[in-house]
Trainee: 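I have a structure I would like to understand better, so I am pasting it below and will then ask my questions one at a time.
A, B, ... follow the sequence lines: proteins, then strands. Residue 1 opens every chain.
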Amino acid sequence: MASERATHVRMTSTWPATAAEAIAVQEKLRGQVDPSDVGEAPRYVAGLDVAYAGNWAQGDRPAADRLAADRLAAAVVVLDWQTLEEVDRAVVLGETTFPYVPGLFAFREVPALLAALEQLTITPELLVCDGQGLAHPRRFGLACHLGVLTGIPAIGAAKTTFVGTHVELGRERGATAELIDSGEVVGAAVRTQDGVKPVYVSVGHRVSLPTAVERVLHLAPRYRLPETTRAADHLCREGLRDGQ
DNA sequence: GCGACAG
DNA sequence: ATCTTGTCGC
């Protein structure tokens with residue numbers, strides 16, 4: 001019970017309160033990102049996602065320096081890399097402590113996701129995040145943030161792009177195209193199923209881009225999104241629905 | 001200056 | 001992210 005309380009205390013004391021402070025945190029931590037492969041193929045892979053109770057359309061929040069207080073449910077689901085069967089799960093209910101600001105998205109979800117990760121019995125060797133990694137204005141998206149803070153290899157698998165453009169890619173599963181921003185390769189557009197819209201993959205921490213793409217394709221054998229993402233999405237919505 | 005803008 | 005019905009396709 002001590003651990004559950006501790007996470008809530010930490011997210012209110014050490015967390016940035018303004019956009020300027022948050023950007024400073026990103027600038028400070030970005031140098032810690034390791035974009036190379038560390039370790040072998042994972043045995044356990046985690047999918048992470050957050051669901052919100054509020055209804056804040058983009059633009060509804062004028063200032064970044066104002067606290068939002070949406071109810072949320074953060075979920076982490078651990079799957080066996082080989083069978084894609086679930087081996088562990090955790091859900092944490094709470095409130096956001098930061099408004100949604102493009103580029104500062106991680107500050108909305110990281111505290112709750114870290115709390116959920118602490119509830120796990122099995123430690124995952126790869127975090128598949130619902131958002132960008134290096135494909136970010138300051139090269140420090142959610143996947144980089146979670147990777148650096150936990151030390152666990154992480155990748156970003158987003159449904160849409162944030163920064164960067166790419167040429168058209170083949171229509172078949174497995175087709176890819178470099179995501180380029182300001183002349184830099186920041187990620188890849190990946191077709192995970194024939195004819196579906198691509199998934200945007202980028203490095204989070206301790207995993208190279210080619211490996212990140214391989215991981216996503218392995219985790220998405222049947223649907224557009226990785227099974228990890230799908231499982232976490234289902235779990236956080238369920239947690240929000242019948243949570244306290 | 002004017003839009004665009006992960007979830 | 002969230003609000004939302006039926007509907008086309010495998």
Trainee: Measure from the side-chain N and O atoms of A:His205 to the backbone N and O of A:Asp34, and report whether any donor-acceptor pair falls under 3.5 Å.
Mentor: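 Present.
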
Trainee: In this structure, how many angstroms lie between the C1' atom of C:dT2 and the CD atom of A:Glu109, rounded?
Mentor: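 Rounding to the nearest Å, CD of A:Glu109 and C1' of C:dT2 are 13 Å apart.
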
Trainee: Can you confirm whether or not the ring centre of A:Phe105 sits under 6.0 Å from the ring centre of A:His136?
Mentor: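 Aromatic pair excluded; centres sit 6.0 Å or further apart.
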
Trainee: Return one dot-bracket line describing DNA chain C 5' to 3' (Watson-Crick or G-U wobble pairs, both distances under 3.5 Å; ( ) same strand, [ ] crossing, | another strand, . none).
Mentor: ..........

Trainee: Quick one: A:Leu104 CG to B:dC5 C1', roughly how many Å, whole number?
Mentor: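 It is 12 Å, rounded to the nearest whole Å.
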
Trainee: For A:His136 and B:dG7, what is the distance between atoms NE2 and P respectively, to the nearest whole Å?
Mentor: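 Rounded to whole Å, this separation is 13 Å.
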
Trainee: Give a yes or no answer on whether the side chain of A:Arg191 reaches the backbone of A:Leu169 with a donor-acceptor pair at less than 3.5 Å.
Mentor: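 Answer holds: yes.
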
Trainee: Nearest of B:dG7, B:dC5, C:dA1 to any side-chain atom of A:Phe162?
Mentor: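 Output: B:dC5.
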
Trainee: Return the set of residues passing ring-ring contact (aromatic ring centres under 6.0 Å, His included) with A:His234 (not counting sequence neighbours), or none when no residue passes.
Mentor: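 With neighbours one apart ignored, the set is empty.
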
Trainee: Quick one: does A:Leu134's side chain get under 4.5 Å of A:Cys144's, heavy atoms only?
Mentor: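 Yes; the side chains approach each other to less than 4.5 Å.
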
Trainee: Rounded to whole Å, please give me the gap between CZ in A:Arg138 and P in B:dA6.
Mentor: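 It is 13 Å, rounded to the nearest whole Å.
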
Trainee: With a 4.0 Å cut-off on heavy atoms, is A:Gly103 in touch with a base, just the backbone sugar-phosphate, or nothing at all?
Mentor: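 Contact class for A:Gly103: base.
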
Trainee: Nearest whole Å is fine: how far is B:dA4 C1' from A:Asp181 CG?
Mentor: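 A:Asp181 atom CG is separated from B:dA4 atom C1' by 13 Å.
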
Trainee: Choosing from B:dC5, B:dG7, C:dA1, which nucleotide comes nearest the side chain of A:Thr160?
Mentor: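 Selected nucleotide: B:dG7.
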
Trainee: Hey, is A:Tyr100 doing a stacking thing with B:dG7, by the 5.5 Å centroid and 30° angle criteria?
Mentor: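 It does: the ring sits over the base of B:dG7.
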
Trainee: So, is A:Arg237 close to the C:dA1 phosphate, meaning a side-chain N or O under 4.0 Å from OP1 or OP2?
Mentor: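 For C:dA1, OP1/OP2 do have a side-chain N/O of A:Arg237 under 4.0 Å.
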
Trainee: Pick base, sugar-phosphate or nothing for A:Leu72, based on heavy-atom distances below 4.0 Å to the nucleic acid.
Mentor: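 Nothing: the residue A:Leu72, judged by heavy atoms under 4.0 Å, touches no strand.
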
Trainee: Using Watson-Crick or G-U wobble pairs with both distances under 3.5 Å, give me DNA chain B in dot-bracket, 5' to 3', with [ ] for crossers and | for pairs to another strand.
Mentor: .......

Trainee: Verify the neighbour count for atom CD of A:Gln193: are there more than 12 heavy atoms of other residues, nucleotides or ligands below 6.0 Å?
Mentor: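 Above 12, so yes.
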
Trainee: Does this structure show an ion pair linking A:Arg43 with A:Glu125, if we count only N-O contacts that are shorter than 4.0 Å?
Mentor: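 Between A:Glu125 and A:Arg43 there is a salt bridge, with a charged N closer than 4.0 Å to a carboxylate O.
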
Trainee: From CZ of A:Arg173 over to C1' of C:dC10, roughly how many Å is that when rounded to an integer?
Mentor: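 Whole-Å distance recorded here is 17 Å.
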
Trainee: NA contact type, A:Ala135, heavy-atom cut-off 4.0 Å: base, sugar-phosphate, or nothing?
Mentor: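 Nothing: the residue A:Ala135, judged by heavy atoms under 4.0 Å, touches no strand.
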
Trainee: Would you say the side-chain atoms of A:Thr229 and A:Asp130 include a donor-acceptor pair closer than 3.5 Å?
Mentor: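 Short answer, no.
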
Trainee: Distance check needed: B:dA6 C1' versus A:Leu48 CG, whole Å only.
Mentor: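 Taking atom C1' of B:dA6 as the reference, CG of A:Leu48 is at 15 Å.
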
Trainee: Are any non-hydrogen side-chain atoms of A:Lys159 and A:Arg224 less than 4.5 angstrom apart?
Mentor: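 A side-chain contact under 4.5 Å exists here.
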
Trainee: May I ask you to test the A:Leu146-A:Glu109 pair for a side-chain heavy-atom distance under 4.5 Å?
Mentor: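 With C-beta onward as the side chain, the pair stays apart.
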
Trainee: Whole angstrom is fine here: how far is it from CZ in A:Arg224 over to C1' in C:dC10?
Mentor: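 So the CZ-C1' distance, A:Arg224 to C:dC10, works out to 19 Å.
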
